[in-house]
Each structure stands twice: as structure tokens, then as C-alpha cells.
Amino acid sequence: MFPIKFARENIELLKQAAQNKNISVDWDVFQNIENERRKILKSLEEEKRVHKNLNQQLALLKKKGQPYEHLLEQAKKLSDQIKEKEQLLRDLEEKIEEFLATIPNIPHKDVPVGKSSQDNVVVRSWGEIKKPSFEVMPHYEIGAKLGILQLEKGAKMTGSFFPVFADKGALLVRALINFMLDLHTKNGFTEIWPPALVNRKSMFGTGQIPRLEQDMYRLKDEDLFLIPTAEVPVTNYHREEAIPEQQLPLRYCAYTPCFRREAGAYGKDTRGLIRLHQFDKVELVIFSKPENSYNELEFLVNEAEKVLQLLGLTYRVVLLCTGDMSFAASKCYDLEVWAPGVEKWLEVSSCSNFEAFQARRADIRYRTKSGKTDFVHTLNGSGIALPRTIIAIMENYQTSRGTIVIPEVLRPYMGGITEIS
RNA sequence: GGAGAGAUGGCUGAGUGGUCUAAAGCGUCCGCCUCGAAAGCGGAUGUGCCCUUUCGGGCACCGCAGGUUCGAAUCCUGCUCUCUCCGCCA
């Protein structure tokens, strides 16, 4: 979200940015309302000034014991006028706030302009695409055969796209979570265990509301939302705070389940674990000084990459083009892992710098030693999402005998077993 | 769930209807002093918005939102959070 003054003075820049992001915004309404608002504000402030003077005179007269009643009528009349105008102004400001909340963030100048994922740029790759001598089963097939992935059980207790992991599958989930959190905390990220339900203000702070409200699960009685990612609670951990400068950068990691309605997404990638309503994810969140945030973004991507490298999974790093980036992001890298069973590159991490966009919505600042405050830059990235990582493990570590070898780094977390058979 | 207490600037803390334009102290910054520093002395020191080419001027903000009043940090109502006690609970 941008300050009203910035929006007014940089309207062409914002229009271009929204167009590049394929997001439509009603600009005319803004300009009309904003002109009206300033007109009213100016006359309101003048009336208030006169009213204030009048009241000071009044107070003085009363103190001296002189008659003041003759001023009362004028003061009353003015007071009523001011109240009326204030209401008018409040209505206009509300409309403007609503409007400002729908303007997307401006992409960084290094981000390629493009319409869709076709225009994304692969910046580097790691590992190689192996061609196994046997036919690799897709994960849902081998998962069902080994009894570790039970999609129909989840569908029975809840609905489709709520998977059940059982036996060694459940152990694998738990092992991955612990492995990732151990890695990140060892590398200087502070672990957070946040709530999985958050309030409306938190969702607004990170930018899910208003545009994505329909994509989230909501408790109507309490007006709480199930988090679509740990980014939401962990970024809001510092909402409405001023962080002492010397504490920056603050780096956090958090494991949470994530919930997404995926409204309208049916029919695309619907088989198996690719797209789910509930899934597990370890998230990384960084609060940075503005001048360091792009270095922090590279640091963040590298940290997420370490997970894939240690698991021995082939992946590539993709710089998203303007049209494929999210509403709040300035620059974003995706990590995509190769899955030979479904024969696809699967997005397992999305690492973004939001600059001050979220910080302004959530009012997260830092304070210098002399007491000056400015908005921090916020960043986050998956480190990493579990289901698609599990797909990659089930398909890349599959043997011709129909078993799955456990990646070495996970074995200590799985009681030393080397294979699921 | 019940009862009570509280929330004021970067921090501590005064203020209970009218120059509050928020005392005082601490901190921070600048200057004087000093070879340099400390101490001492003097001055400055919040945020947002509007107007203005500049200089500057104005409005708002005492947890949040309403209300009473010509006038609210101060009175009233609701909410949020913190603390104390009681009850319930994995």
C-alpha cells in the first residue's frame, strides 16, 4: 500500500506497474475523490481554526468573570458545521483507503516485463535431469501402493485435496519439518510457532485482503482466517512496532500447516499432491533495512536452495516476470524441483522482497539511535513447501523394485531407515 | 466465564473540563568549555496530513472507536490489550 500523497504524485508510475502486473484498478474514481477530499479538508481546517480562536476568547472571558454568552451561539453554529463536514470527509477518506488498498506494489526495475509464466527467466539450475532405465510411477501411484499416501481417506474425513499421510509417509512429513527447521535455525533464523488462525488486520497487513479474501478459509463467527502461509502470522509478529535499528536484520523461520480454498483452480494439476487445500510448509521471513533488502533476498533464496541441495533434488531458480508476480511483491524468485513421475517442474518455494509495501500496511518500522523511524523492508520465502518436495522424493528416489530410498540427510530423523518398501 | 486495577512522547512520569501550544527527569543531537574526553553550562529534539516557489503557516493525534459540551488527555458508553485474584480446562 502506498501513502495517499505518493499515489497522487506518482499516478502514472502506479498505472504502468498495475498494467505490467495484469491488475486492473479504477483510477478515475481516485482522482475525483481525492480532489474533493482536499477541497473539503482545506475549508474544514479553516473553520476549525476560527472555532478554536473563539473558544480561547471564551475561556479567557469566563476566567476574568466577564460575560461570554454572546459568543456561544456563534461557536455552537460553527461546531455543528464542523461536525457535518467531518462526516463528509470521513466518508471520502474511507473510499480512498479502500482504493489505495487495491493498488499493487511496483515491480523492481530488474524484473522482466511479461504477461505470464512464459516470460519468466531461468537464472540458474542445480543437478541434472536423470533418465531412469525403468518407468517411474507418479507419486500418487507408488504412494498408494506403499500405503504411505491415502488420498481417499482424506476425502472421506474432510474432502478431496485433504491428503492423509500414513505410517512411514507420516514419518517422512515429520522428518522433513524437523530437518528444515534444524537447518534454518543453525543458519541464524529464529524459530517461531505461530497461531494458524489470524484476524482480519493481519491478513490486510500482508496484502491477502482485500483482493484474495475469497481464496481463504474464514470462521464467520469470529471473523478469523486460516492462514494460507506462515508469512501472515510471522510478518504480523512485528505489526505496529518500531524495531531498534541494531536488531536488523531479523530472520525467522516457522513451520505451519497452510490452508487454501484454491477456488476456481480445479481441473488444473488436480491429481495427487500437486495442489491441496491443506499442506505443510516451513517459511522464512526477514525484516531488513531498506538498503540491504535485495542482498537479503539473495540470501533468502540461497537458504531455500540449501534444502533442495541437501536432499539431492534437481531444481532451477526462476525470476518471475511482472505479470506472474503477486500483488504485494517487488521482486520474486521461484524454486522449481524436477519430478520425473509427473514429468513437471514443481514450484516448491517462492522468495519475494516486498520492500515497504507490507510494512506500510502493517505499520512495521525501525528506529535509529537518534529516534528517527522509517518503514522496514519485509521478505519471505518458503523453505520449503512439503507436498511437492515429497512428490520429488517419491519420484526421484524411486527404485525399479517399487520402493523409495530415503535421502541420506533425512535418515537420522527417521530412525535410521534407508528405504520405504 | 467472574471481580478489580491500569494504558500519556524514544523511556520514566505529572496532569481529573478552558493559553495543555502536555510539566519534570532521563535519553538523543548541536554548541560552549577541553590537548581530547567526562562532568558542567546553553540550545534543540514526536508523527501524519493540508496550504506555500522559498521563508513559513495551519489542522489532527494522550490504547482504539463513538458520545456529552461552545470547549475533552480529563466526563460517559463500547472495544482491545496488560497486570492481580477467583472459576473452568488438555
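Here is the naming used below: chain letters follow the sequence lines, and residue numbers restart at 1 for every chain. Bear in mind that the values here come from a model prediction, so they are computed numbers and not experimental data.
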Item to complete: List the steps, then state whether side-chain contact (heavy atoms from CB on, under 4.5 Å) holds for A:Glu93 with A:Arg37.
Response: CA-CA 7 Å; A:Glu93 278 171 350; A:Arg37 182 188 75 91; 3.8 Å; yes
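- Annotation: B:A37 and B:C32 have their P atoms spaced 11 Å apart (nearest Å).
- Nearer to the 5' terminus of RNA chain B, by closest-nucleotide assignment, is the contact made by A:Arg365 (compared with the other of A:Ala75 and A:Arg365).
- Rounding to whole angstrom units, CD of residue A:Gln87 and P of B:A65 are separated by 14 Å.
- When the P atom is compared between B:G63 and B:U12, the two are found 14 Å apart, to the nearest whole Å.
- With rounding to whole Å, A:Asp374 atom CG is found 9 Å from B:G48 atom P.
- Taking a pair as Watson-Crick or G-U with both hydrogen-bonding distances under 3.5 Å, the stems of three or more pairs touching RNA chain B are B:1-7 with B:80-86, B:10-12 with B:24-26, B:27-32 with B:40-45, B:46-51 with B:56-61, B:63-67 with B:75-79.
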What are the atom names and distances for every N/O pair under 3.5 Å that joins the protein to nucleotides 71-75 of chain B?
| unit_1 | atom_1 | unit_2 | atom_2 | d |
| --- | --- | --- | --- | --- |
| B:G71 | OP1 | A:Ser79 | OG | 2.9 |
| B:G71 | O4' | A:Asn55 | ND2 | 3.4 |

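- Within residues 33-45 of chain A, the residues approaching RNA chain B are A:Arg37, A:Arg38, A:Leu41, A:Glu45, by heavy-atom distance under 4.0 Å.
- A:Glu305 and A:Tyr333 form no side-chain donor-acceptor contact under 3.5 Å, judged by distance and modelled atom types alone.
- Scanning for side chain to side chain donor-acceptor pair (under 3.5 Å) contacts around A:Glu283 gives A:Lys281, with sequence neighbours left out.
- Taking atom P in both B:U45 and B:A23, the straight-line distance is 12 Å, to the nearest Å.
- A sub-4.0 Å separation between OP1 or OP2 of B:A60 and a side-chain N or O of A:Arg49 is absent.
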Give me the distances for all protein-to-nucleotides 21-23 of chain B N/O pairs that come in under 3.5 Å?
none

I'd like a table of donor-acceptor pairs (distance under 3.5 Å, sequence neighbours excluded) in which one partner is a side-chain atom from residues 97-104 of chain A, with atom names and distances.
| unit_1 | atom_1 | unit_2 | atom_2 | d |
| --- | --- | --- | --- | --- |
| A:Thr102 | OG1 | A:Phe99 | O | 2.6 |

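- When the P atom of B:G58 is taken as reference, atom CG of A:Asn53 falls 10 Å away, rounded to whole Å.
- Residue A:Glu408 places its CD atom among 12 or fewer non-hydrogen atoms of other residues, nucleotides or ligands, all under 6.0 Å distant.
- For the pair A:Lys48 and A:Leu58, both in contact range of RNA chain B, the more 5′-proximal nearest nucleotide belongs to A:Lys48.
- With sequence neighbours excluded, no residue forms a salt bridge (Lys or Arg N to Asp or Glu O under 4.0 Å) with A:Glu347.
- Taking atom CZ on A:Arg360 and atom P on B:G48, their separation rounds to 13 Å, with Å as the unit.
- The side-chain hydrogen bond (donor to acceptor under 3.5 Å, both in side chains) analysis of residues 161-174 of chain A, with sequence neighbours excluded, yields no pairs.
- For A:Gln31, the CD atom is densely surrounded, since the number of other residues' heavy atoms within 6.0 Å is greater than 12.
- The same atom, C1', is picked in B:C62 and in B:G10; the two are 16 Å apart, to the nearest Å.
- Using a 30° and 60° split on the angle between ring planes, A:Phe162 and A:His277 fall in the tilted class, from 30° to 60°.
- Taking atom CD on A:Glu46 and atom C1' on B:G58, their separation rounds to 9 Å, with Å as the unit.
- For the pair A:Glu86 CD and B:G66 P, the computed distance is 10 Å after rounding to whole Å.
- Scanning for side chain to side chain donor-acceptor pair (under 3.5 Å) contacts around A:Asn396 gives an empty result, with sequence neighbours left out.
- When the P atom of B:A65 is taken as reference, atom CZ of A:Arg90 falls 10 Å away, rounded to whole Å.
- In this structure, A:Val337 and A:Trp345 have side chains that are not in contact, with every pair of non-hydrogen atoms separated by 4.5 Å or more.
- The separation of B:A44 from B:G25, taken at their P atoms, amounts to 13 Å, rounded to a whole angstrom.
- Within 4.0 Å of A:Ala59, counting heavy atoms only, lies at least one base atom of the nucleic acid.
- Qualifying salt bridge (Lys or Arg N to Asp or Glu O under 4.0 Å) partners for A:Lys331, counting only residues two or more places apart in sequence or in other chains: none.
- With P as the reference atom, B:C75 and B:U84 are 26 Å apart, rounded to whole Å.
- The P atoms of B:U74 and B:G15 are separated by 15 Å, rounded to the nearest whole Å.
- For the residue pair A:Asn187 and A:Glu303, a side-chain donor N or O sits within less than 3.5 Å of a side-chain acceptor on the partner.
- For A:Glu84, the salt bridge (Lys or Arg N to Asp or Glu O under 4.0 Å) test picks out no residue, with sequence neighbours left out.
- Nucleic acid contact for A:Lys5: sugar-phosphate only, since backbone atoms but no base atoms lie under 4.0 Å from a heavy atom of the residue.
- Taking the P atom of each, B:C79 and B:C85 are spaced 24 Å apart, rounded to whole Å.
- In this structure, A:Ile82 atom CD1 and B:G58 atom P are separated by 16 Å, rounded to whole Å.
- In terms of the ring pair (Phe, Tyr, Trp, His ring centres under 6.0 Å) criterion, residue partners of A:Tyr237 (sequence neighbours excluded) are, by chain and number, A:Tyr252.
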